[in-house]
Amino acid sequence: MPLFDLPLDQLRGYTSRVTPPADLQDFWDTTLDEARTVPLNATFEPVENHLSVIDTCDVTFAGYGGAPIKGWLHLPANRRAGTRLPVVVQYIGYTGGRGLVNQDTKWAQAGYAHFIMDTRGQGYGGILGETADPHPSAGEVAYSGLMTRGAGSREDYYYRRVYVDAFRAVEAAQSHPEVDPSRVVLAGISQGGGIVVAVSGLVAGRLDGVIAALPDVPFLQDFPRSIDIAARGPYPEIAAFLGRHRDRYEPMLAVLNYFDGVNLARAATAPALYSVAQMDDVCPPSTVFASFNAYGGDSAAQKDIEVYRFNNHEGGQEHHWIRQLQYLRELLA
């Protein structure tokens, strides 16, 4: 894949034309206040993972509408009794779920508590998932996939439910007695990275304890540009839907505006380490830089971005995880 987006010097200064709705904060205050009236009911059931160095709990907690959301909590087996661990809350890429019990334990191998949230209605594309999306809007007219599910209104849009689940996943992780609730790190790749950006903005002023965000080639950023230029992946689902529903473009953008990471990133305050791949035709680099440049708004939020010039949507992969490990080690020192 050749370089197809803006040159790097222009990417570093690129800002999106997306502007937040006037009632963005009110919408999310109402949404999260309503969600938190439902008891979290987080449960942690020890399960056999066939690993000698990791202990695992099967997690269930109440997400949007009280729906049960699954997850894993991995803990290093050699942890000291009575010591609370920093926790990495991980969100999963598009179509994926939490996976098998021992499929991904890398953050626990590094010495952290590792909480993986299953993504409602997903888990059919490469990584197993076990959480349903029971919301009535799941049956509305939509393009195959999830990007247009419930997109007729901000109240019914699919990612409203996912973002609430992700917010409550932080609360669930914090509720475990061996987790330090004051040291929460958010991490994810692609859709997972987009959820990281969203939750980073949503927790600001609403939930304490998030100390870092690690959005890796994040999806769900700068919807108008992404719909126009992304050649592969989920964004073309929206374009395909609009190709038949030709009168829905402006109304759909108005809904997506409440879920665009560019808008939600502005409220974030936790330090962030982004990554971007310059040949990425799934999450185009300009859309990632739009999010990065908006992150923290006018605050003094610390942020950095790793650029992988010759990579597509795979990004930095194992090389970037080393960078993340170094970043957290310095942050938590």
Side-chain angles (χ1 to χ4, degrees), residues 32 35-36 38-47 49 54-64 66-77 79-80 82-92 96-99 101-120 129-131 161-189 191-204 206-216 268-272 324 328 331-332:
L32 293 169
R36 296 171 95 180
V38 178
L40 186 62
N41 289 336
T43 61
F44 302 86
E45 298 294 332
V47 291
N49 62 19
I54 303 292
D55 296 329
T56 300
C57 289
D58 184 356
V59 182
T60 307
F61 65 93
Y64 180 89
I69 309 300
K70 299 298 293 183
W72 299 123
L73 177 65
H74 302 300
L75 299 166
R79 63 194 183 279
R80 289 185 296 171
T83 299
R84 289 191 158 196
L85 297 172
V87 61
V88 176
V89 177
Q90 179 182 347
Y91 306 112
I92 304 301
R98 66 175 181 168
V101 64
N102 55 16
Q103 192 163 355
D104 183 0
T105 62
K106 66 181 184 180
W107 289 108
Q109 294 174 50
Y112 302 99
H114 181 187
F115 187 105
I116 303 175
M117 186 191 85
D118 208 19
T119 311
R120 66 165 62 217
E130 300 182 63
T131 300
R161 304 191 288 280
V162 172
Y163 288 177
V164 169
D165 295 346
F167 183 97
R168 303 227 78 188
V170 176
E171 295 180 304
Q174 289 176 315
S175 74
H176 192 273
E178 295 188 76
V179 164
D180 184 344
S182 69
R183 292 189 293 171
V184 178
V185 176
L186 309 178
I189 301 171
Q191 174 186 257
I195 297 172
V196 167
V197 174
V199 176
S200 297
L202 293 176
V203 298
R206 299 184 179 99
L207 181 64
D208 294 332
V210 173
I211 61 166
L214 306 177
D216 195 354
T269 58
Q324 290 175 327
L328 290 188
L331 185 71
L332 293 167

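Nearest heavy-atom pair, Ile92 versus Gln191, reported as atom, atom and distance to 0.1 Å: O-NE2, 2.9 Å. For the pair Gly63 and Arg120, the tightest heavy-atom approach, listed with the atom from each and the gap, is C-NH2, 4.4 Å. When every heavy atom of Asp165 is checked against every heavy atom of Phe61, the shortest pair comes out as O-CE1, 3.5 Å. Among all heavy-atom pairs drawn from Tyr91 and Ala166, the shortest one is OH-O, 2.8 Å. Closest approach of Ala173 to Val89, counting heavy atoms only: CB-CG2, 3.9 Å. Shown here for Asp180 and Val184, the closest heavy-atom pair between the two residues is O-CG2, 4.4 Å.
With a 4.5 Å cut-off on side-chain heavy atoms, Ile211 and Pro86 do not count as touching. Residues Trp72 and Val59 are not in side-chain contact: their nearest non-hydrogen atoms beyond the backbone lie 4.5 Å or more apart.
A search for side chain to side chain contact (heavy atoms under 4.5 Å, CB included) contacts involving Val179 returns Val87, Ala113, His176, not counting sequence neighbours. With sequence neighbours excluded, the residues that form a side chain to side chain contact (heavy atoms under 4.5 Å, CB included) with Thr60 are Thr43, Pro68, Lys70. Listed by chain and residue number, nothing satisfies the side chain to side chain donor-acceptor pair (under 3.5 Å) test with Gln174 (two or more places apart in sequence, or in another chain). For Asp104, the side chain to side chain contact (heavy atoms under 4.5 Å, CB included) partners two or more places apart in sequence, or in a different chain, are Gln90, Lys106, His114, Ile116. Applying the salt bridge (Lys or Arg N to Asp or Glu O under 4.0 Å) rule to Arg161 yields the partners Asp133; only residues at least two apart in sequence or on another chain are considered. Partners of Ser175 under the side chain to side chain contact (heavy atoms under 4.5 Å, CB included) rule, at least two apart in sequence or in another chain, are Ala42, Phe44. In this structure, the side chain to side chain donor-acceptor pair (under 3.5 Å) partners of Asp55, at least two apart in sequence or on a different chain, are Arg79. For Gln103, there are no side chain to side chain donor-acceptor pair (under 3.5 Å) partners, not counting sequence neighbours. Listed by chain and number, the residues in a side chain to side chain donor-acceptor pair (under 3.5 Å) with Thr269 amount to none (sequence neighbours excluded). Every salt bridge (Lys or Arg N to Asp or Glu O under 4.0 Å) that Arg168 has, sequence neighbours left out, goes to Glu171.
Thr119 OG1 to Ile69 CD1: the interatomic distance, rounded to the nearest 0.5 Å, is 9.0 Å. Between atom CG of residue Leu32 and atom OH of residue Tyr64 there is a gap of 11.0 Å, rounded to the nearest 0.5 Å. To the nearest 0.5 Å, atoms CG (Asn49) and CG (Asn102) are separated by 6.0 Å.
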Enumerate donor-acceptor pairs with a distance under 3.5 Å from any side-chain N or O in residues 193-204 to protein atoms, sequence neighbours excluded.
| residue | atom | partner | partner atom | Å |
| --- | --- | --- | --- | --- |
| Ser200 | OG | Val196 | O | 2.7 |

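For the pair Arg84 (side chain) and Pro177 (backbone), a donor-acceptor distance under 3.5 Å is present. For the pair Asp58 (side chain) and Val47 (backbone), a donor-acceptor distance under 3.5 Å is absent.
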Apply side chain to side chain contact (heavy atoms under 4.5 Å, CB included) to Leu214 and Leu328, showing your working. CA-CA 10 Å; Leu214 306 177; Leu328 290 188; 4.2 Å; yes
Side chain to side chain contact (heavy atoms under 4.5 Å, CB included), that's the test. Do Arg183 and Tyr112 meet it? Break it down for me. CA-CA 10 Å; Arg183 292 189 293 171; Tyr112 302 99; over 6 Å; no
